[in-house]
Novice: 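Can you read through this structure? Questions will come right after.
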Amino acid sequence: MQRRGEFRVSVTKDYLVFASAHFITFAGHRCESLHGHNYRVGVVLEGALDEESWYVFDFVTLKKIMRRLCDAIDHKVLLPLENPRIQVAEQGDSVTVAYERKPRYLFPKSDCALLPVPNTTVEMLAEYLAGQLRGELEAAGAAGVTTIELEVEENFGQSAVFRLRLR
Ligand SMILES: [Zn+2]
C-alpha cells in the first residue's frame, strides 16, 4: 500500500521530568546563581511505519528510554563542560566549579551530571537529550525514524524544542 502521508508519534508523560539544579552564563560577564527547576521532557518521533508492527516506534520502549535519560540527570547539579567561563574539575569524589577562574562551588561528584554542553540552557539540554535518544534508537534498531523532536520545559509555558534529522 502506497502512503502519501507521514506519521508523528509523541510521548509526554508526567514521569518524564527531572528536578535539577543549574546556573547559566550570559553574554558579557554575568553568571546566574545556583537554582533549580522541575524540568519536563516531551518527545516526538517522525518516520515510516515499521512494516511488521504498523507503528513508527514501540511506545513502551520509547517511554523506558526517555525515563532512563531523565533519571540519569534527576536530582543532580547540571554542569556544562564546554563553557569557556566555567571551569569544572573532578578531584576524587568531588567536583569543583570555578567561574572565570574564581572558585565558586564544591559538590559531591555523585550529585553532579557533567554534560558536554556549553551552557545548561533548555536549548542545550534538548539537544543533548536528543543526541542521547538518537544513540538509544539506533541501538534499538529503529530504522524508520527520520526525525527526533525533543522538548525541554524549565517552567510552565517556557520551553525549547530541538529538531534532529536522522536521515
Ligand atoms: Zn534556570
Side-chain angles (χ1 to χ4, degrees), residues 1-25 35-84 86 88 90 95 107-167:
M1 182 165 49
Q2 194 72 24
R3 275 201 175 69
R4 292 182 185 279
E6 291 162 349
F7 292 92
R8 287 163 63 90
V9 296
S10 71
V11 169
T12 50
K13 293 283 176 186
D14 56 8
Y15 54 76
L16 294 184
V17 292
F18 54 100
S20 304
H22 87 145
F23 60 91
I24 66 170
T25 59
H35 63 278
H37 295 283
N38 288 314
Y39 292 94
R40 183 193 60 78
V41 174
V43 64
V44 176
L45 300 182
E46 288 179 16
L49 286 184
D50 180 291
E51 286 182 4
E52 285 180 50
S53 311
W54 303 91
Y55 55 48
V56 175
F57 190 69
D58 178 20
F59 276 124
V60 175
T61 307
L62 181 59
K63 287 187 289 186
K64 272 188 199 154
I65 292 170
M66 291 311 300
R67 187 162 198 168
R68 186 154 19 91
L69 296 182
C70 288
D71 284 349
I73 54 176
D74 186 31
H75 290 188
K76 304 279 186 195
V77 183
L78 309 179
L79 295 169
L81 294 179
E82 296 173 2
N83 188 313
I86 296 174
V88 177
E90 296 181 52
V95 171
F107 298 113
K109 193 151 98 182
S110 56
D111 287 1
C112 297
L114 307 184
L115 303 177
V117 298
N119 220 358
T120 54
T121 57
V122 275
E123 288 86 344
M124 292 298 95
L125 295 177
E127 183 178 22
Y128 167 72
L129 288 171
Q132 297 287 107
L133 175 58
R134 172 191 208 153
E136 297 272 358
L137 290 178
E138 282 169 1
V145 178
T146 54
T147 306
I148 294 171
E149 262 185 30
L150 204 137
E151 179 180 34
V152 177
E153 185 182 76
E154 66 175 6
N155 243 320
F156 186 73
Q158 185 172 321
S159 67
V161 176
F162 180 69
R163 186 174 166 83
L164 177 61
R165 280 178 203 84
L166 303 186
R167 56 179 66 81

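Index from 1, following the sequence.
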Novice: Is a donor on one side and an acceptor on the other found under 3.5 Å between the side chain of Lys76 and the backbone of Ser110?
Specialist: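 Judged by distance alone, yes, a pair lies under 3.5 Å.
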
Novice: Rounded to the nearest 0.5 Å, how far does CD of Glu153 lie from CG of Asn155?
Specialist: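 Separation between the atoms: 7.5 Å.
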
Novice: For the side chain of Thr146 and the backbone of Glu46, is there at least one donor-acceptor N/O pair under 3.5 Å apart?
Specialist: yes

Novice: Side chain to side chain contact (heavy atoms under 4.5 Å, CB included), that's the test. Do Phe57 and Val11 meet it? Break it down for me.
Specialist: CA-CA 11 Å; Phe57 190 69; Val11 169; over 6 Å; no

Novice: Do you know which two heavy atoms are closest between Phe59 and Ser10, and how far apart they sit?
Specialist: CE2-O, 3.6 Å

Novice: For the residue pair Leu125 and Thr120, what are the closest heavy atoms and their distance?
Specialist: CD1-O, 4.0 Å

Novice: Please determine whether the number of non-hydrogen atoms from other residues, nucleotides or ligands lying under 6.0 Å from atom NZ of Lys13 exceeds 12.
Specialist: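 No, the 6.0 Å shell around NZ holds no more than 12 heavy atoms from other groups.
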
Novice: What are the two closest non-hydrogen atoms of Val17 and Arg40, and how far apart are they?
Specialist: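 Residues Val17 and Arg40, closest heavy atoms: CG1-CA, 4.2 Å.
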
Novice: Angle class for the His22/Tyr39 ring planes (parallel below 30°, perpendicular above 60°, tilted otherwise)?
Specialist: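 If you compare the ring of His22 with that of Tyr39, the planes turn out perpendicular.
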
Novice: Please identify which of these residues, Val77, Leu78, Leu79, meets the side-chain contact (heavy atoms from CB on, under 4.5 Å) condition with Phe23.
Specialist: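 Running side-chain contact (heavy atoms from CB on, under 4.5 Å) over Val77, Leu78, Leu79 with Phe23 returns exactly one hit, Leu79.
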
Novice: Donor-acceptor pair, Ser159 side chain versus Glu151 backbone, under 3.5 Å?
Specialist: no

Novice: State, with a plain yes or no, whether a side-chain heavy atom of Ile73 is found less than 4.5 Å away from one of Leu115.
Specialist: yes

Novice: Ala130 and Ile148: which non-hydrogen atoms are nearest, and at how many Å?
Specialist: O-CD1, 3.9 Å

Novice: Find out whether Tyr55 and Leu45 are in side-chain contact, i.e. whether some heavy atom of one side chain is under 4.5 Å from a heavy atom of the other.
Specialist: no

Novice: Nearest 0.5 Å, please: how far is CG in Leu129 from CD1 in Ile65?
Specialist: 12.5 Å

Novice: To the nearest 0.5 Å, tell me how far Asp71 CG sits from Tyr15 OH.
Specialist: 10.5 Å

Novice: When rounded to the nearest 0.5 angstrom, what is the spacing between OG in Ser20 and NE2 in His37?
Specialist: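 Reported value, rounded in 0.5 Å steps: 10.0 Å.
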
Novice: If I compare all heavy atoms of Met124 with all of Val117, which pair ends up nearest, and what's the gap?
Specialist: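 Nearest pair, atom of Met124 first, then Val117: O-CG1, 3.9 Å.
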
Novice: Can you tell me how far the CG atom of Asp74 sits from the CG atom of Leu16, to the nearest 0.5 Å?
Specialist: 11.5 Å

Novice: A quick test of your reading: do over 12 heavy atoms of other residues, nucleotides or ligands sit less than 6.0 Å from CD of Glu51?
Specialist: no

Novice: With a 6.0 Å cut-off (strictly less than), is the heavy-atom count around CZ of Phe156, excluding the residue itself, greater than 12?
Specialist: no

Novice: Sequence neighbours excluded and cut-off under 3.5 Å, please list the side-chain donor-acceptor pairs for residues 132-145, or say none.
Specialist:
unit_1, atom_1, unit_2, atom_2, d
Arg134, NE, Glu138, OE2, 3.4
Glu136, OE1, Arg68, NH1, 3.1
Glu136, OE2, Arg68, NH1, 2.8

Novice: Show the nearest heavy-atom pair for residues Asp50 and Ser53, with the distance to one decimal.
Specialist: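 Minimum heavy-atom contact is OD1-N, 3.0 Å.
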
Novice: What's the spacing between Asn38 CG and Glu154 CD if we round to 0.5 Å?
Specialist: 11.5 Å

Novice: Would the distance check show the side chain of Asn119 and the main-chain N or O of Thr121 forming a donor-acceptor pair, the cut-off being under 3.5 Å?
Specialist: no

Novice: Within a radius of less than 6.0 Å around CD of Glu82, do more than 12 heavy atoms belonging to other residues, nucleotides or ligands occur?
Specialist: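 More than 12 heavy atoms, drawn from other residues, nucleotides or ligands, come within 6.0 Å of this atom.
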
